[in-house]
Amino acid sequence: MVKVMFMGTPMFAKRILEQLYLEENAEVIAVVTQPDQPVGRKQVMTPPEVKVLAQQHNTPVYQPVKLRKEYGELLSLGADMIITCAYGQIVPNEVLNCVPLGAFNLHASLLPKLRGGAPIQRAIMNGMMKTGMTLMKMSSRMDAGDMIAKSEVEIEQSDDYGTLEEKLMDSGVKLLHEWFDRLCAKDYTAEPQKEEEATFAPIIRPEEEKITFTGNYRDVYNHIRGLLPRPGVYAKVEDRKLKFWHVSVSEMTTDRPDGEILPFIGGNLCVALAGRVLVFEEVQYEGKKRCAARDFKNGVGRTLVGKRFY
RNA sequence: CGCGAGGUAGAGCAGUCUGGUUAGCUCGUCGGGCUCAUAACCCGGAGGUCGUUGGUUCAAAUCCUCCCCUCGCAA
């Protein structure tokens, strides 16, 4: 049995950890994850998904606030290998070097493209046609380690962040399963990344959640679906926010100005952009619950036809 | 006490500021009609303790008070 220390935090990491528990040759001896965070309006302290799963398996959980300074404990656990996925902190070299079989990371892009914290969202927002998972050795620089294996995932025009993330999680789980035993046996080669081809996927900034209905309709469409269903996007009209929880592009054309709210079609909210029509099926008006565009139309929505988003 | 919005038929809203005829609109639903046909149209019906408590008043959805809940922002 190979003693594995897992490091990860959100849902994506949880799925990888699940697979580790299923691996016959793996014994998860420790899980390192981010501290519990206050969540929502009520600021309820909520544990990371990974922590919940680890506790169900009675695995010791470590939640250092600053791993850079609080890693002493981890060095003496006797782990053979480290697997990380979306942990959220830089792992110090002392930790990476304390395991004989090495430290590996699963990253949700085809490296060296899209290094960083939001590779899935950026892949869609950039209009890319494919992305994937990369299994790599960890290095001191974020997502810059030598690459061991990749699996590609097509990006469909209808994918949003949620559906693509799901595909990538499946892909990542499969990749880990295929390679885990070989990692244990040191039966792999690691190819350095071509630095000159590296691109970056910085985490989503709050202001990116506001959409501006200008420019190419496809860019805006990609931008929106890259941020759905989380964190969501909005535009302003009549001095209030309108959040969009769904988007598609209509075949129709229009001569209305960018950002104008067109008459509802089939109960859906339609917005003009660059001669084309963006269609929203589910929305949320500021101060209100999210609801089908059809319901929105029956109330506030119908008073907004002809108005423009800004 | 972080800031703000709101709780009115199954749904989304108006009405509240300037209390007072049968609480209205857009949908849905049920029944009927029209059409080659429709996310179309016409006619008719059912469905509401106006979030909860107490108060002011001849009279409260509307004014005052308590509480509960929802949502946006900030964190």
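Chain identifiers are assigned alphabetically (A, B, ...) following the order of the sequence lines, protein sequences preceding nucleic acid strands; residue numbering begins at 1 within each chain.
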What pairs with A:D159 under salt bridge (Lys or Arg N to Asp or Glu O under 4.0 Å), at least two apart in sequence or on another chain?
A:K167
With a 3.5 Å limit on both atom pairs, tell me what B:A23 is paired to, counting Watson-Crick and G-U wobble, or say none.
none
Any strand counts, and the cut-off is 3.5 Å on both contacts for Watson-Crick or G-U wobble. Which nucleotide pairs with B:U35?
none
Rounded interatomic separation in angstrom, taking CH2 from A:W245 and P from B:C71
11 Å
Return a table of donor-acceptor pairs under 3.5 angstrom between the side chains of residues 289-296 of chain A and protein atoms on other chains or two or more places apart.
from	atom 1	to	atom 2	distance (Å)
A:R290	NE	A:E282	OE2	3.3
A:R290	NH2	A:E282	OE1	3.3

Presence of salt bridge, A:E208 and A:R205, under 4.0 angstrom
yes
Sorted by chain and residue number, the side chain to side chain donor-acceptor pair (under 3.5 Å) partners of A:T199 (sequence neighbours excluded) come out as none
Holding to ring-ring contact (aromatic ring centres under 6.0 Å, His included), I want the full list of residues that pass it with A:H177, two or more places apart in sequence or in another chain.
none
Which of residues 299-310 of chain A have a heavy atom under 4.0 Å from RNA chain B?
A:G299, A:R302
Side-chain donor-acceptor pairs of residues 235-245 of chain A under 3.5 Å, sequence neighbours excluded:
from	atom 1	to	atom 2	distance (Å)
A:R240	NH1	A:E286	O	3.3
A:W245	NE1	A:Q284	OE1	3.1

Hey, is the side chain of A:K243 poking within less than 4.0 Å of OP1 or OP2 on B:C73, counting only N and O atoms?
yes
Rounded to whole angstrom, note down the P distance from B:A60 over to B:G51.
15 Å
Please confirm whether the shortest side-chain N or O distance from A:Q284 to OP1 or OP2 of B:G72 is below 4.0 Å.
yes
Please tabulate, one pair per line, all N/O donor-acceptor pairs under 3.5 Å involving side-chain atoms of residues 85-106 of chain A, not counting sequence neighbours.
from	atom 1	to	atom 2	distance (Å)
A:Y87	OH	A:Q89	NE2	3.4
A:Q89	OE1	A:L67	N	2.9
A:Q89	NE2	A:Q34	OE1	2.7
A:Q89	NE2	A:P64	O	3.2
A:Q89	NE2	A:V65	O	3.3
A:N97	ND2	A:N93	O	3.2
A:N105	ND2	A:T84	O	3.0
A:N105	ND2	A:T84	OG1	2.6

Partners of A:D170 by salt bridge (Lys or Arg N to Asp or Glu O under 4.0 Å), sequence neighbours excluded?
A:R15
Polar atom pairs between nucleotides 3-6 of chain B and protein, under 3.5 Å, N or O only, would you list them?
from	atom 1	to	atom 2	distance (Å)
B:G6	O2'	A:K288	NZ	3.4

